Amino acid sequence: IHSFLPSLVERSPLKDFIGLEDCDPNTVKAILSFSYYSATGNMDEAFKSIRTIKSQKVWESLARMCVKTHRLDVALVCLGNMGNARAAKAVREAQNISEPDARLAVLAIQLGLLDEAEELYKS
């Protein structure tokens with residue numbers, strides 16, 4: 001029965017961490033710290049925890065998290081570190097939109113999160 005168990009269990013990352021399975025332990029720690037500090041509203045510590053990250057894949061994952069956490073300010077930092085000037089410009093221009101969910105939808109579209117963008121536009 002023991003040889004049967006490993007095939008029944010599958011390791012699967014949370015949606016926010018897809019693509020980050022091969023990151024080094026320091027990067028994983030930085031991402032988890034960022035998630036914790038941003039969830040608790042301590043943005044100074046959140047930014048400190050991710051300032052050494054160089055991976056574009058990691059910055060993209062953090063930008064996707066910003067859609068869920070409604071943090072356009074953090075998303076702009078992520079987009080800048082990704083080198084995605086077009087998306088950063090679109091998000092900055094969207095700040096003139098009065099509806100907060102519509103501003104987030106612009107970010108979601110820039111990140112290819114079309115289902116999330118649709119839900120944001122509907123709400």
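Counting begins at 1 with the first residue of the sequence. Being a predicted model, the structure only gives us computed values, none of them experimental.
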Open item on the list: Taking side-chain contact (heavy atoms from CB on, under 4.5 Å) as the definition, give me every residue that meets it alongside Val106, ordered by chain and number, with sequence neighbours left out.
Closed with: Ala90, Ala94, Ile97, Tyr121
Open item on the list: So Val28 and Leu32, do their side chains get closer than 4.5 Å, heavy atoms only?
Closed with: yes
TODO: Group every Ile, Leu, Val, Met, Phe, Trp and Tyr by side-chain heavy-atom contacts under 4.5 Å, then state whether Val91 and Leu114 land in the same group.
DONE: no
Open item on the list: side-chain contact (heavy atoms from CB on, under 4.5 Å) for Cys66 and Leu107? Distances and angles first, verdict last.
Closed with: CA-CA 9 Å; Cys66 290; Leu107 172 62; 4.3 Å; yes
TODO: Determine, using the 4.5 Å side-chain heavy-atom cutoff (strictly less than), whether Ile50 and Met65 are members of one ILVMFWY cluster.
DONE: yes
- [ ] Measure the OG1-CZ distance between Thr69 and Phe34 for me, rounded to the nearest 0.5 Å.
- [x] 6.5 Å
TODO: Using the side-chain contact (heavy atoms from CB on, under 4.5 Å) rule, take Leu76 and Gln95 through it: C-alpha gap first, then chi angles, then the decisive distance, then the call.
DONE: CA-CA 11 Å; Leu76 284 170; Gln95 302 228 8; 3.5 Å; yes
Open item on the list: With rounding to the nearest 0.5 angstrom, report the SG to CZ distance, Cys78 to Arg71.
Closed with: 11.0 Å
Open item on the list: To the closest 0.5 Å, what do you measure between CG (Leu113) and CG (Leu120)?
Closed with: 9.5 Å
TODO: Give the C-alpha distance, both sets of side-chain angles, the deciding distance and a yes or no for side-chain contact (heavy atoms from CB on, under 4.5 Å) between Arg86 and Lys89.
DONE: CA-CA 5 Å; Arg86 185 178 359 178; Lys89 181 180 183 216; 5.8 Å; no
Open item on the list: So Lys68 and Glu116, do their side chains get closer than 4.5 Å, heavy atoms only?
Closed with: yes
Task: Closest approach of Lys54 to Arg51 (non-hydrogen atoms, all atoms of both residues) - done: NZ-O, 4.5 Å
TODO: Run the numbers on Asp101 and His70 for side-chain contact (heavy atoms from CB on, under 4.5 Å), then give the verdict.
DONE: CA-CA 8 Å; Asp101 285 343; His70 297 238; 3.8 Å; yes
Open item on the list: Is there a path of hydrophobic side-chain contacts, each under 4.5 Å between heavy atoms, that joins Leu79 and Val77?
Closed with: yes
Open item on the list: To the nearest 0.5 Å, what is the distance between CG on Leu62 and CG on Asn81?
Closed with: 9.5 Å
Open item on the list: If the threshold is 4.0 Å, N to carboxylate O, is there a salt bridge linking Glu60 and Lys57?
Closed with: no
Task: CG on Asp73 to OG on Ser38, rounded to 0.5 Å - done: 10.0 Å
- [ ] Determine yes or no for a side-chain-to-main-chain donor-acceptor pair under 3.5 angstrom, with Trp59 supplying the side chain and Ile53 the backbone.
- [x] yes
TODO: Locate the shortest heavy-atom distance separating Met82 from Ala63; write the atom from each residue and the value.
DONE: SD-CB, 4.2 Å
Task: From Arg103 atom CZ to Ser98 atom OG, the distance as rounded to the nearest 0.5 Å - done: 7.5 Å
TODO: Share the residues that join Tyr37 in a hydrophobic cluster, the rule being Ile, Leu, Val, Met, Phe, Trp or Tyr side chains under 4.5 Å apart at the heavy-atom level.
DONE: Tyr36
